[in-house]
Amino acid sequence: LKLLKGAFVGCSSGDSCVAMAPGVVVEKHEESLSDSEVKEILKRADLEEKDAESFKGQGGIGVVIAVASFSSLAGLLMGLDIGYIAGVKTMKSFSQDLLQRDDLMGLEDSVITMIFGLGAALAAFPPVMQACVSCLGRKGAVVAGGLIFCLGSGLQCVATNMAMMLLGRIVAGFSVGLLSGNAPVYTSEIAPPALRGALVTGFQFAVTVGIMVAFLLALVLEDVEDPVSGWRWVIAAQMVPGCLLVMGGAFMPGSPRQMVAQGKTKEALQTLRKLRKEDVSLELAQIYLEHEASSTEASWREFLTGDNGKLLRIGLVIQLLGQICGMNAFMYDGPVIFKLIFQSDHAGHFFTVVSGVVNILATIPALLVVDRCGRTFLMKWSALGMMTCSAVLAAVGDVCLEGENFTCGNWAKATCTVAICGFILNFAYGWGGMPWVYCSEMFPQKYRTKGVGATTDANWVGNILIAFMPPLMFARWGFDTFWVFVGTNMLCLWVAMTLPETKDKSLEEITYMFNIWLKGRSHV
């Protein structure tokens with residue numbers, strides 16, 4: 001965290017600068033390549049202009065949005081697999097089919113939930129992620145993730161014992177780790193700067209939709225037992241978007257940046273022309289120029305040390321903060337909290353519906369404003385909102401909670417409900433999706449696969465570890481647990497105020513910007 005030392009220095013709307021650490025003002029890096037320099041770079045890339053149409057785009061925004069939408073199916077799969085297990089494992093038919101008894105034991109419950117995260121963490125482990133992308137390419141890794149997801153779901157559908165179910169869960173988890181480490185990056189690499197934030201945020205929006213759809217499916221099919229148990233239908237339904245992702249892979253273009261890194265400059269040119277309406281010569285020259293500057297093999301030593309190591313540690317902090325900001329307390333224990341507040345067994349279902357709707361609706365503003373207001377802007381207000389809502393919950397708990405009895409009247413219940421919904425709302429538009437956006441942008445092309453793999457791995461490892469903490473904290477401290485989340489969100493706010501903004505910049509310009517920021521240079 002020493003890397004993030006200092007306060008965020010903002011620029012006025014008329015200034016041509018990038019927000020940096022205290023005392024460091026870096027002029028905004030505008031592309032300064034002249035026409036002759038662009039031609040020279042493209043000549044080195046063996047892409048000389050033959051006629052006026054050689055670099056003219058043939059696609060446009062509609063093509064990019066369509067491709068990104070198919071890529072976001074990866075987020076839908078992730079949400080479905082995260083969301084279905086809570087409903088399925090409470091079905092009597094589930095435990096009867098797999099264990100020939102009515103209920104899961106405590107250890108069985110924990111293992112079947114957490115083993116999914118273990119598979120995801122394994123897939124996102126940087127050497128594994130690097131090997132998959134090197135072998136299959138970025139698009140190929142996304143398509144492979146869809147195939148593996150269908151395999152894992154199929155194993156779960158036909159499982160007749162717990163061992164087979166766990167195998168299916170870990171296979172599906174592996175696919176989700178592969179998808180979450182590649183789909184946001186793939187979208188980031190094909191998107192134009194003006195739309196990149198919104199299109200990558202679409203991944204998080206799809207996750208929230210998937211969680212809600214999975215809950216509704218489990219609710220509707222809860223009592224189905226003949227001829228096929230309802231829990232099997234819930235899992236089988238997940239294979240539909242999985243198959244759509246695989247079929248969509250036949251039409252999705254590859255990543256032009258990875259094509260350049262692999263020496264396929266002509267294929268990269270044709271891909272960019274399909275994705276853009278305007279002339280692509282300048283963008284392609286930028287991509288090739290960064291490739292030239294980092295054309296040596298990306299060693300693990302270089303990745304873990306120097307400026308790259310600093311970027312890695314910043315990315316790890318961002319993803320871990322997204323886990324410990326407090327949302328997990330509501331994901332895993334929200335129904336218990338609502339039951340405690342309302343003293344009703346039905347309050348848990350009410351919470352799940354309300355939180356799912358709020359989570360989906362609150363992600364929409366992020367799609368609309370992330371490329372206007374910026375990533376760090378949303379992260380700052382998100383952290384401030386979550387911190388405020390946590391403080392309200394903690395204060396009401398101090399006044400109204402005596403053991404397991406909620407002694408205050410309807411005003412306190414209404415206040416807690418508004419605070420919880422406010423927390424979820426603030427998480428959804430900020431720290432829910434922005435870590436995925438920011439981490440997909442911040443690494444240079446040379447280290448992007450390793451960097452995003454490591455930060456994604458941190459997300460899943462944090463998810464596994466932190467899932468066990470809220471129940472213990474609530475059992476010991478009750479609503480005073482929310483004072484802890486006040487503290488973690490103060491840290492989120494500080495980090496968001498420290499980081500430089502990435503909106504309106506190409507990935508190559510972001511690399512240049514971080515180069516300056518990490519060295520503390522000014523007026524470049």
Side-chain angles (χ1 to χ4, degrees), residues 73 75-120 145-176 179 206-246 331-336 339 345-353 355-356 467:
L73 286 172
L76 185 66
L77 297 181
M78 179 174 163
L80 287 169
D81 221 342
I82 290 172
Y84 89 87
I85 193 64
V88 160
K89 67 185 181 183
T90 60
M91 296 182 186
K92 288 185 179 180
S93 60
F94 178 74
S95 50
Q96 286 173 347
D97 287 350
L98 298 182
L99 298 167
Q100 290 74 52
R101 63 174 186 264
D102 287 342
D103 297 306
L104 295 173
M105 303 295 288
L107 181 60
E108 293 166 340
D109 191 319
S110 296
V111 169
I112 201 169
T113 302
M114 290 299 105
I115 200 167
F116 164 80
L118 181 63
L147 278 171
I148 296 171
F149 185 89
C150 291
L151 173 62
S153 296
L155 286 172
Q156 293 173 77
C157 279
V158 300
T160 56
N161 54 58
M162 184 58 74
M164 192 171 180
M165 184 68 187
L166 292 176
L167 177 62
R169 284 282 287 167
I170 200 169
V171 170
F174 185 93
S175 75
V176 169
L179 291 169
V207 172
T208 64
V209 172
I211 292 173
M212 188 64 181
V213 169
F215 165 74
L216 293 175
L217 282 172
L219 191 63
V220 170
L221 298 169
E222 183 176 8
D223 297 322
V224 176
E225 294 184 5
D226 294 314
V228 178
S229 298
W231 67 270
R232 297 187 191 274
W233 286 114
V234 173
I235 298 173
Q238 300 177 48
M239 299 173 69
V240 175
C243 292
L244 286 175
L245 180 60
V246 173
M331 283 183 63
Y332 298 121
D333 296 285
V336 176
K339 183 179 178 180
D345 291 334
H346 299 292
H349 287 305
F350 174 72
F351 166 79
T352 307
V353 173
S355 64

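Numbers here are sequence positions counted from 1.
Counting heavy atoms from C-beta outward, Met165 and Phe94 have side chains that approach closer than 4.5 Å. When side chains are defined from C-beta on, Val213 does not count as touching Tyr84, because their heavy atoms never get closer than 4.5 Å. Using a 4.5 Å cut-off on side-chain heavy atoms (C-beta onward), Asp81 and Phe149 make contact. Inter-residue side-chain proximity for Thr160 and Asp97 is flagged as unmet; no heavy-atom pair is nearer than 4.5 Å.
Note: Met239 CE to Leu77 CG = 11.0 Å, rounded to the nearest 0.5 Å. The line from SG of Cys243 to CG of Leu73 is 11.0 Å long, rounded to the nearest 0.5 Å. Note that the CG atom of Leu166 and the CD1 atom of Ile115 stand 4.5 Å from one another [nearest 0.5 Å]. One finds the CE atom of Met164 at 5.5 Å from the CG atom of Leu155 (value rounded to the nearest 0.5 Å). The CD1 atom of Ile235 lies 11.5 Å from the CG atom of Leu80; values are rounded to the nearest 0.5 Å.
Arg169 places a side-chain N or O within 3.5 Å of a backbone atom of Ile112 that can act as its donor or acceptor partner. At distances below 3.5 Å, at least one donor-acceptor pair connects side-chain atoms of Arg232 with backbone N or O atoms of Ala159. Listed for the Ser175 side chain is a donor-acceptor partner under 3.5 Å among the backbone atoms of Ala172.
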How far apart are the C-alpha atoms of Met78 and Leu179, what are their side-chain angles, what is the distance that settles it, and do they pass the side chain to side chain contact (heavy atoms under 4.5 Å, CB included) test?
CA-CA 8 Å; Met78 179 174 163; Leu179 291 169; over 6 Å; no

For Met91 and Asp223: C-alpha separation, side-chain torsions, deciding distance, then whether side chain to side chain contact (heavy atoms under 4.5 Å, CB included) applies.
CA-CA 8 Å; Met91 296 182 186; Asp223 297 322; over 6 Å; no

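When the options Ile85, Val171, Ile170, Val176 are evaluated for a side-chain contact (heavy atoms from CB on, under 4.5 Å) with Phe116, the one that passes is Val176. Paired with Trp231 under the rule side-chain contact (heavy atoms from CB on, under 4.5 Å), one option of Leu217, Val224, Leu98 passes, and it is Leu98.
The two atoms that bring Pro241 and Leu76 nearest to each other are CB-CD2, 3.8 Å, heavy atoms only. Of all heavy-atom pairs between Gly242 and Cys150, the closest is C-SG, 3.7 Å. Contact between Gly83 and Ala214 at its shortest, heavy atoms only, is C-CB, 3.6 Å. The two residues Ser93 and Glu225 come nearest to each other via the heavy atoms CB-CG, 4.3 Å.
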